[in-house]
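These numbers come from a predicted model, not from an experiment. Throughout, protein chains are lettered first and strands after them, A, B, ... in sequence-line order, and every chain is numbered starting at 1.
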Amino acid sequence: MPELPEVEVLRRSLAPLVGERIERVEVHDRRLREPVDEDALRGLVGARVESLGRRAKYLRIHLRRDDWEEPRTLVVHLGMSGRLTLEPGDAPEEPHEHVVFRLASGRELRFRDPRRFGLIFAARRAGLDTDAHFVHLGLEPLSEEFSGEVLERVAERRRGPVKTFLMDAAVVVGLGNIYATEALFRAGIHPTRSVARISRRRWDRLADAIQEVLRAAIREGGTTLNDFSDGEGRSGYFQVSLSVYGREGDPCPRCGRTIRRIVQSNRSTFYCPGCQR
DNA sequence: CGTAGACCCTGCGCGC
DNA sequence: TGCGCGCAGGGTCTAC
């Protein structure tokens with residue numbers, strides 16, 4: 001469900017969390033991508049939310065408590081079907097609500113995830129980037145150091161199709177199936193093209209296309225295909241701006257040729273045979 | 001070492 | 001209407 005734009009939209013929508021204090025933690029089902037460490041989460045009671053961050057598709061909720069020697073961070077990954085919402089405490093419990101944080105204001109932060117590919121854990125904030133979940137991650141695409149030049153340099157050590165390359169978090173983070181697909185359309189690059197056969201000019205175009213599509217999606221509140229919503233339950237609108245993703249058989253918005261679907265590494269890829277070479 | 005494929009899990013929409 | 005199948009926005013582990 002969520003790629004970088006959706007997690008970023010979620011992060012921004014949860015601004016009202018800042019200053020809140022955790023009063024109680026309920027773990028209803030520990031079976032997620034990794035078993036939930038119930039004790040570690042309950043150890044967060046009494047902590048106050050200081051700020052909200054993001055790395056790749058991971059949301060980071062930074063916490064402080066007076067008697068802690070160092071701050072901790074609650075890390076949430078939504079997997080394919082996860083949702084994190086801030087709700088009034090009297091809202092009815094919904095299916096698959098695995099973890100619920102009761103807050104001092106009476107509101108609740110609820111983590112719901114039907115498919116249970118998501119993840120939630122607490123860690124010390126210091127050195128978080130050397131945690132096993134983060135240490136291997138590649139470039140942040142919306143950062144200063146991201147460019148066609150770096151992409152090209154990383155690609156020198158790699159082979160295989162560019163779509164697979166873009167979806168490898170060791171290369172660049174935050175791009176999933178939708179935005180990797182859309183960025184390639186915008187850059188006019190065929191998804192099966194080998195990374196060894198992409199010119200410097202096209203790497204530049206691709207880096208620009210990645211940043212453009214991510215920024216546009218954030219602006220539109222993310223992509224809601226089925227069930228994405230931000231922390232306040234609002235849907236995104238970027239799905240109407242998708243050019244090729246999910247549009248097999250439709251005419252290409254640019255040239256009118258029929259959009260095709262293929263499978264790469266077990267994932268659907270959509271592209272225009274006219275515009276992408 | 002890097003890459004391709006299977007796998008984790010539930011729900012939904014489609015065709016019969 | 002009911003059922004089986006294929007598919008879904010992610011990440012990790014294994015076998016080459």
Side-chain angles (χ1 to χ4, degrees), chain A residues 1-10 28-36 54-59 75-84 94-98 111-121 131-138 141 153-184 191-196 210 213-214 216-218 220-230 235-249 261-270:
Chain A
M1 151 205 230
E3 303 181 35
L4 184 152
E6 289 73 36
V7 180
E8 183 59 26
V9 166
L10 172 66
H28 300 149
D29 191 339
R30 305 181 53 207
R31 298 170 302 158
L32 295 178
R33 192 170 104 207
E34 293 167 15
V36 177
R54 178 192 59 75
R55 170 74 169 117
K57 298 169 187 166
Y58 293 84
L59 178 73
V75 179
V76 180
H77 192 289
L78 300 180
M80 289 280 254
S81 58
R83 282 177 156 205
L84 192 66
E94 298 198 40
H96 309 292
E97 264 177 14
H98 307 316
F111 177 69
R112 186 159 78 240
D113 184 9
R115 292 177 72 181
R116 292 190 269 115
F117 290 167
L119 180 61
I120 185 164
F121 67 94
D131 179 283
H133 297 92
F134 301 110
V135 73
H136 66 280
L137 293 178
R153 204 159 58 228
V154 179
E156 281 167 12
R157 287 175 272 128
R158 305 264 184 155
R159 41 203 72 247
V162 62
K163 159 91 172 341
T164 314
F165 178 77
L166 291 185
M167 290 186 63
D168 185 344
V171 174
V172 52
V173 300
L175 293 173
N177 212 23
I178 293 181
Y179 298 109
T181 296
E182 290 290 311
L184 286 168
T192 65
R193 175 172 283 273
S194 161
V195 294
I210 288 167
V213 74
L214 294 177
I218 292 169
E220 298 296 315
T223 298
T224 299
L225 290 185
N226 273 318
D227 55 3
F228 168 73
S229 72
D230 71 13
S235 294
Y237 293 96
F238 194 70
Q239 62 278 10
V240 303
S241 304
L242 297 175
S243 300
V244 288
Y245 183 87
R247 303 204 188 281
E248 180 187 20
R261 173 182 176 273
I262 56 173
V263 174
Q264 293 178 283
S265 318
N266 280 331
R267 316 294 295 270
S268 290
T269 299
F270 303 86

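- Closest heavy-atom contact between A:Leu78 and A:Arg83: CD2-N, 3.9 Å.
- Projected onto DNA chain C by closest heavy-atom contact, A:Arg261 and A:Arg267 fall at different nucleotides, the more 5' of which corresponds to A:Arg261.
- Annotation: side chain of A:Phe111 is in contact with side chain of A:Leu32 (closest heavy-atom distance under 4.5 Å).
- B:dG5 and C:dC7 are spaced 15 Å apart, taking the P atom of each and rounding to whole Å.
- Put simply, CD on A:Glu3 and CG on A:Leu175 are 7.0 Å apart, with the number rounded to the nearest 0.5 Å.
- The CG-P distance, from A:Leu59 to C:dG9, rounds to 22 Å in whole Å.
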key: Sequence-aligned protein contact record of nucleotides 2-8 of chain B, with B where the base is within under 4.0 Å of a protein heavy atom and S where only the sugar-phosphate is   = -SSSB-B
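- Rounded to whole Å, the distance from NE2 on A:His77 to C1' on C:dG9 is 11 Å.
- Put simply, CD on A:Glu182 is 12 Å from P on C:dG9, counting in whole angstrom units.
- Distance from the side chain of A:Met80 is smallest to C:dG9 among C:dT12, C:dG9, C:dC7.
- Side-chain atoms of A:Pro141 and A:Leu4, non-hydrogen and from C-beta on, do get closer than 4.5 Å to each other.
- Looking only at distances, no side-chain donor or acceptor of A:Gln239 sits under 3.5 Å from a matching main-chain atom of A:Leu225.
- By the 4.5 Å heavy-atom criterion applied to side chains, A:Arg116 and A:Asp29 are counted as neighbours.
- The distance from atom CD of A:Glu3 to atom P of C:dA8 is 13 Å, rounded to the nearest whole Å.
- The minimum heavy-atom distance between A:Ile210 and A:Ala183, with the atom names listed, is CG1-CB, 3.7 Å.
- With contacts defined as side-chain heavy-atom distances shorter than 4.5 Å, the pair A:Leu84/A:Ile120 does not qualify.
- Here C:dG11 presents its C1' atom at 10 Å from NE2 of A:His133, a figure rounded to the nearest Å.
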query = According to the Watson-Crick and G-U wobble definition with distances under 3.5 Å, which dot-bracket string, read 5' to 3', encodes DNA chain B, using [ ] for crossing pairs and | for pairs with another strand?
reply = .|||||||.|||||||
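- Looking only at side-chain heavy atoms (C-beta outward), A:Tyr179 and A:Glu6 come within less than 4.5 Å of each other.
- At least one side-chain heavy atom of A:Phe270 sits less than 4.5 Å from a side-chain heavy atom of A:Arg261.
- Protein atom CE of A:Met167 is 10 Å distant from nucleotide atom C1' of C:dG11, rounded to whole Å.
- With distances taken from any side-chain atom of A:Arg116 to the nucleotides B:dT10, C:dG10, C:dT12, the minimum falls on B:dT10.
- Rounding to whole angstrom units, NE2 of residue A:His136 and P of C:dG10 are separated by 14 Å.
- Here, C:dT12 and B:dG11 have their C1' atoms 23 Å apart, quoted to the whole Å.
- The side chain of A:His96 contributes an N or O atom lying less than 4.0 Å from OP1 or OP2 of B:dG11.
- The CG atom of A:Leu175 sits 13 Å away from the C1' atom of C:dG10 (whole-angstrom rounding).
- B:dA6 and C:dG6 have their P atoms separated by 14 Å, with the value rounded to a whole Å.
- Here A:Arg31 lies out of heavy-atom contact (under 4.0 Å) with every strand.
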